[in-house]
Amino acid sequence: MPPSSAPPASSAIPMIKNKKGKGKQVVEIKLVPEDQRIFQGLHFYFFPNSDTHPGRRQRIIKAIEYGASWQDKFNDTVTHIIVDRDYDFEQLLKYLKLKELPLVDTSTIEFRVKGYEPPASSATIAQPIPSQASEVSLQLKPVKRKAVVLSSQVTSEASLNLVSSSAASLSNSPAPGVPDPQQVPNKDEDELDTAIRQAKESHPLASDDEDDVEGHKRRKTNNWQDKFQCMHKHTGKSGDQGPNAHTLVVLQELADHYDQIRDQWRCKSYRQAISALRKQTIKISTKEAAMRVYGIGSSIAEKIEEIVRTTHLRKLDFAKLDERQQILNRFMKIYGVGLHAAENFASAGYKTIDDLLQKAELTDNQRIGIDHYDDFNSRVPRAEVEKHAGIVKKALKGLDKNYIVNTMGSYRRGAQDSGDIDLLITKPGASIDEIRTTVMDRLVPLLTKHKFLVAALAQTSQADGTKWHGASCLPDSSTWRRIDLLLVPEEELGAALLYFTGNDIFNRSMRLLASKKGMRLNQRGLYKDVLRDYGREKLSEGTLVEGKDERKIFEALDVPWRPPEHRIC
DNA sequence: TGGCAAATACTG
DNA sequence: CAGTAT
DNA sequence: GCCA
């Protein structure tokens, strides 16, 4: 059992020092609110245990902010050791002059320190240690951290996870009697108290080696907004035949790859780079030329050069051959199966959809997703979207002719086919409650009775629900289509139109722009005077600027109006 | 080095 | 609450 | 992965 709570009086938190001698004497540590201190009662020892390295320093500060104590010596109160990625287990033992660590929790291999092998006796299935740093970050999100010895491999993600992960499990305390790390200053309680007090008073964590910038940060950029995708006209053309057509195809494959392995940021970067490259009017053949394009950095620029020279990209071939990845992709295309479930299935040894059907435990929705795997993963021709929408529209008008149905998503952007059918339902002057009641209690049952709606995947059960997800099937067809009914009061129609029209990049761009202007955009409206909590980004609602009129939202954001067909980024 | 959109709402 | 979907 |  854990040694619990208070560290002995002798162990203190080492002083967090400023890197630069000048300026503020004390680093700014802001303890998070008590109920969020997920590391409360835990005692961390870092290896190396100094804050001279900026990355480690950051982690130390975060740890303290979230309630941990930073032990300046390795002692028997230490519950967790966080080892830099440049060191391995052997080096740690050697430094501590120990033969072994009485580790308890070895279950989480993602954070296992290089060179550490669990005791042979343990019946753990041998899994490869994911030591290639670049890929590791992908696997971090879903795991709960438990490991006693953590490898601080991935700095940025790690610090993020500090925030979101639940409290780490405690462990038995290692043996006492340990050498004294010489580089660590030995402070004691007075300073601990001081640090805590100062921490409570101080501002959000900031890079203290940076001067206050607020003033001159606003440079000449009178057109900083140009960097936002939503400011740019885009006519879905010029790409297929443009000068960089082939390069774009290959890059798109890479983007898809990152999408599939759920690396959202790389995926985003690739999509942005693709978008930027598509706008080029000349062929980009060299790294240098590519680098000059906003949105393309050195990494993608190199790949562009490789693609042009060899008409190929080796990385892509490699990615395509990864069997486990293939399996995960296959599973994640099932409605109701995300990364987590897919990994569980794969770990259980299932390889095919058939395996799942026969052996796996499935939720109701997942079963539907499998039964209609091909249906749900095929595109819906534009004409068919119209038929589905027409049926809903007709039925709804039959109930109340004042209802309005808008077909959203890629259909509204003019696409020739869509992934699913999004129908936005509203009625001028009606409350959301009235709309919900009509749709849920009358429309859905009616269409279900008529065998048009054939499955309910997610239906509002709460009093404030605003959507219905399911499947529909045309009378003369056997193909099920994913269909979503979105209920929106008239006051929010504009924001909803904007939101459900997309595309996603365009939306993100608009929202990012709004937030940079001190506003906030969501599916209900545009708000101003948004109060953002210090450092972290909690916010107060703000006041509504516009929600009803789509065009007015563009105006309020000072974005030139763009019809749906031009919102493809 | 940190941010990258943002929220709702379902299932289990 | 975590996971998933949108 | 890109950018500030």
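Computed from a prediction, not measured in an experiment: that's the story for all the values here. So you know, we letter chains A, B, ... as the sequences are listed, proteins then strands, and number each from 1.
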Take atom [atom1] of [X] and atom [atom2] of [N], then tell me their distance rounded to the nearest Å.
| X | N | atom1 | atom2 | result |
| --- | --- | --- | --- | --- |
| L486(A) | dA5(C) | CG | P | 17 Å |
| Q366(A) | dT11(B) | CD | P | 13 Å |
| Y294(A) | dC2(D) | OH | P | 12 Å |
| D420(A) | dT6(C) | CG | P | 7 Å |
| D226(A) | dA4(D) | CG | P | 12 Å |
| L498(A) | dT6(C) | CG | P | 20 Å |
| E492(A) | dT8(B) | CD | C1' | 12 Å |
| F500(A) | dA5(C) | CZ | P | 17 Å |

Using OP1 and OP2 only, check whether a side-chain N or O of [X] sits under 4.0 Å from [N].
| X | N | value |
| --- | --- | --- |
| H340(A) | dG3(C) | yes |
| S509(A) | dA5(B) | no |
| R520(A) | dA7(B) | yes |

Under 5.5 Å between ring centres and under 30° between planes: true for W265(A) and the base of dC2(D)?
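Here the ring of W265(A) and the base of dC2(D) are not stacked, as the 5.5 Å and 30° limits are not both satisfied.
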
side-chain hydrogen bond (donor to acceptor under 3.5 Å, both in side chains) partners for R271(A), two or more places apart:
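Applying side-chain hydrogen bond (donor to acceptor under 3.5 Å, both in side chains) to R271(A) gives D504(A).
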
Other residues, nucleotides and ligands only: do more than 12 of their heavy atoms fall within 6.0 Å of NZ on K287(A)?
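Yes, because the 6.0 Å sphere around NZ of K287(A) holds more than 12 heavy atoms from other groups.
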
Counting only heavy atoms not in K517(A), do more than 12 sit closer than 6.0 Å to its NZ atom?
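Yes, because the 6.0 Å sphere around NZ of K517(A) holds more than 12 heavy atoms from other groups.
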
Looking across every strand, which nucleic acid part, if any, lies under 4.0 Å from [X] by heavy atom: base, sugar-phosphate, or nothing?
| X | result |
| --- | --- |
| A273(A) | nothing |
| D364(A) | sugar-phosphate |
| L513(A) | nothing |
| D484(A) | sugar-phosphate |
| Q459(A) | sugar-phosphate |
| L457(A) | sugar-phosphate |
| T466(A) | sugar-phosphate |
| R482(A) | sugar-phosphate |
| N522(A) | sugar-phosphate |

Suppose you measure atom P in dA4(D) against the same atom in dA5(B); what distance do you get, rounded to whole Å?
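Their P atoms lie roughly 15 Å apart.
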
Can you tell me which nucleotide in [options] comes closest to the side chain of [X]?
| X | options | answer |
| --- | --- | --- |
| Q523(A) | dT6(C), dG1(D), dT8(B) | dT8(B) |
| R508(A) | dT11(B), dA5(B), dC10(B) | dA5(B) |
| R266(A) | dG1(D), dC10(B), dA7(B) | dG1(D) |
| A341(A) | dT4(C), dG1(D), dT6(C) | dT4(C) |
| K303(A) | dA5(C), dG1(D), dA5(B) | dG1(D) |

Have a look at V392(A) and tell me which of I421(A), L443(A), V439(A), L453(A) forms a side chain to side chain contact (heavy atoms under 4.5 Å, CB included) with it.
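Running side chain to side chain contact (heavy atoms under 4.5 Å, CB included) over I421(A), L443(A), V439(A), L453(A) with V392(A) returns exactly one hit, L443(A).
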
Step-by-step side chain to side chain contact (heavy atoms under 4.5 Å, CB included) determination, R330(A) to Y350(A)
CA-CA 11 Å; R330(A) 189 177 308 141; Y350(A) 306 142; over 6 Å; no

Return the 5'-most residue of the pair G465(A), D504(A) with respect to DNA chain B, ranking by each residue's nearest nucleotide.
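Looking at DNA chain B, the more 5' nearest nucleotide goes with D504(A).
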
Identify, between K268(A) and T363(A), the residue whose nearest nucleotide on DNA chain B lies closer to the 5' end.
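Counting from the 5' end, the first nearest nucleotide belongs to K268(A).
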
Could you tell me which residues satisfy side-chain contact (heavy atoms from CB on, under 4.5 Å) with R382(A), sequence neighbours excluded, listed by chain and number?
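For R382(A), the residues satisfying side-chain contact (heavy atoms from CB on, under 4.5 Å) (neighbours in sequence not counted) are E386(A), Y411(A), Q416(A).
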
For the pair D433(A) and R436(A), find out whether any cationic side-chain nitrogen is under 4.0 Å from an anionic carboxylate oxygen.
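Yes, charged N to carboxylate O under 4.0 Å.
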
